[in-house]
Enquirer: 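I'd like to ask some things about the structure below.
Fair warning: this is a prediction, and the values are worked out from it, not measured in the lab.
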Amino acid sequence: MKKLVNAPRAVVREMLEGLVSLAPGQALLEGESVVLRADTPSDVRARKVAVISGGGSGHEPAHAGYVGAGMLDAAVAGDVFTSPSTDAVLAAIRAVAGPAGALLVVKNYTGDRLNFGLAAELARAEGIPVETVVVADDVSLHDTVEPARRRGIAGTVLVHKVAGAAAAAGAALQDVLREATAAAEALGTMGVALGPCTVPAAGKPGFTLEEDEIELGLGIHGEQGVRRVPMQPADSLVDTLLTTIVEDRRISSGDRVVLLVNGLGGTPPMELAIVARRALAALRQGGIRVERAWSGTFLSALEMPGCSLTLLKVDDARLARLDAAADAPAWPGAGRLPKEPGVYRPSSAASPASLPAEAPRPGMDRFRKAALWVADAFEQSESRLTALDSAAGDGDLGLSLVRGAEAIRALPEDAWTSPARALTAMGNALRRSIGGSSGPFYATALLRAARRLAEGPVDAAAWAEAFDLAVSAVSELGGARPGDRTMLDALRPAADAFAKGVRGGQGAREAWASAVHAAEAGEEATSRMQPRLGRASYLGARAVGVPDAGAAAVVVWMKALTPGIG
């Protein structure tokens, strides 16, 4: 791997520092991977409706490049191809939203929906009005998944522009939501890749192509496309993309549209201009009125060679939003240098309430050792979990769980006084440290189990019930069931086996051994399953043959806990 980086774990922070150093109108929220407008009013009452977006890094210039007057008020950055944490999104909402509220523009990926959705709920509980619009513009999945489960890709940038212009014009939150939702529903995008990209944490390309092969209908996370086809001339590829978009979005002669020709990160302007040339000619030949067109790299997938085309239907009102002035680095008008990087320091920051002091309960030394064994196991399994996740996902799971391991080791002494308190502390630590889907899933499971263990004596029966409740919480949050090829295929049989053993009079150690065996069988079974949820579902049968990385991670921590059981 050859990249201009210092260390894979540092790329996001160092990138954001560089971006803000180049943008006079931006500031970096202290302590968070959040870029926001430097002119955000300190008086919350003076704030308009805030428009906030974000997602995994690696899509530059999205999302920080669209922070500025007339577009986004804040952008939240996760690790490479990994959704930002709930707490980072919540920090962004607190930093830029006021009584007028905030609109979150979210691309349709599980991790983004979970973390932005949970942050919205937490903000509402604090009295901040928050609405969410989900962008699902990938028409290549029309034969693979239902419309509501399509991916959000490059068309999201145009939703940023429409929503930002509406908010800048003084529209109320519900009106901004209405315009953004209508724009999202009128979008269609499809992409083509000429080669893969390399996630810094993975260190190798996400897939391989022969010299005469390309991937049609891919997303923006380095994954494979809907189908692999022979290389074709640019005009033929453009016609394929446009035909799919026009048919799916029911665009016909006489309709008015805008066109976005988007590079995926490794495509030179020369090739994008060739693509734009054919796209404009083909649309006009079909009687479709192209009111505006942009060509460039707007939402990338690291250094992937390829492009996507987006069409958005417009009328006079929507076209006015797109024409409205915007001062964001990735929109026309960028290039000025600030005297020094800006840092935004909130006037007040919410801090978690401190827990009352209590003496450690018997056995908590062994409990803490077991948790640290799990942390060690996550670090030792990083490369294997990264490889499994790269085969059917985005390759971030290994690094995410290593971050979780670091968070567990960093917990203070007063976190280890009771099982309920320790699980609560670990749950909160993991939701802050792990992005993507894993953070919310593990945090929810641990918090649900902690509530059960706080209700009375902590014996094997209580642990069995807490384990069952934790697994149910994961299923409720993500909507997955056994057989969907997720972590639940290891978790559910393990929890059932443990509960059965305890009810049958087995000791905790013997029952746990049965649970580990059931989890291993569940992990192995996922290699024969066709995925129905998460990013792996976009690959369909092409994901079969490799165990699910989330299920494999469950086996890792269950085995690590074994010496401490009993």
Enquirer: Could you pull out the closest heavy-atom pair between Ala120 and Val130, with the gap in Å?
Expert: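 It is CB-CG1, 3.7 Å.
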Enquirer: Quick one, Lys107 with His59, criterion side-chain hydrogen bond (donor to acceptor under 3.5 Å, both in side chains). Give me CA distance, side-chain angles, the key distance, then yes/no.
Expert: CA-CA 12 Å; Lys107 294 184 298 303; His59 302 306; 5.6 Å; no
Enquirer: Compare every heavy atom of Leu104 with every heavy atom of Phe116, then report the nearest pair and how far apart it is.
Expert: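 Scanning both residues, the minimum pair turns out to be O-CD1, 3.6 Å.
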Enquirer: Could you walk me through whether Glu523 and Asp548 pass side chain to side chain contact (heavy atoms under 4.5 Å, CB included), step by step?
Expert: CA-CA 7 Å; Glu523 175 198 349; Asp548 177 69; over 6 Å; no
Enquirer: Taking CG in Asp43 as the centre, count heavy atoms belonging to other residues, nucleotides or ligands within less than 6.0 Å. Is the count above 12?
Expert: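 Result for CG/Asp43: enclosed.
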Enquirer: Against Val80, only a single residue in Leu302, Leu399, Asp396 fulfils side-chain contact (heavy atoms from CB on, under 4.5 Å); can you say which?
Expert: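 Between Val80 and the candidates, side-chain contact (heavy atoms from CB on, under 4.5 Å) is satisfied uniquely by Leu302.
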Enquirer: Tell me, do Phe81 and Cys197 make a side-chain contact under 4.5 Å, heavy atoms counted?
Expert: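 Heavy-atom side-chain distance check passes, below 4.5 Å.
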Enquirer: Any idea which heavy atoms bring Leu411 and Ala425 closest together, and the distance?
Expert: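 Looking at all heavy atoms of both residues, the closest pair is CD2-O, 3.8 Å.
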Enquirer: Go through Asp79 and Arg403 one step at a time and tell me if the salt bridge (Lys or Arg N to Asp or Glu O under 4.0 Å) criterion holds.
Expert: CA-CA 11 Å; Asp79 287 330; Arg403 292 185 186 277; 2.8 Å; yes
Enquirer: With sequence neighbours left out, what residues match Lys3 under side chain to side chain contact (heavy atoms under 4.5 Å, CB included)?
Expert: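 Lys3 satisfies side chain to side chain contact (heavy atoms under 4.5 Å, CB included) with Met1, Val5, Thr198, Pro200, Glu303 only.
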Enquirer: Working to the nearest 0.5 Å, report the span between CG of Leu372 and CZ of Arg409.
Expert: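 It comes to 7.0 Å.
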Enquirer: Does a side-chain heavy-atom distance below 4.5 Å link Thr86 with Leu122?
Expert: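 Sidechains of Leu122 and Thr86: in contact.
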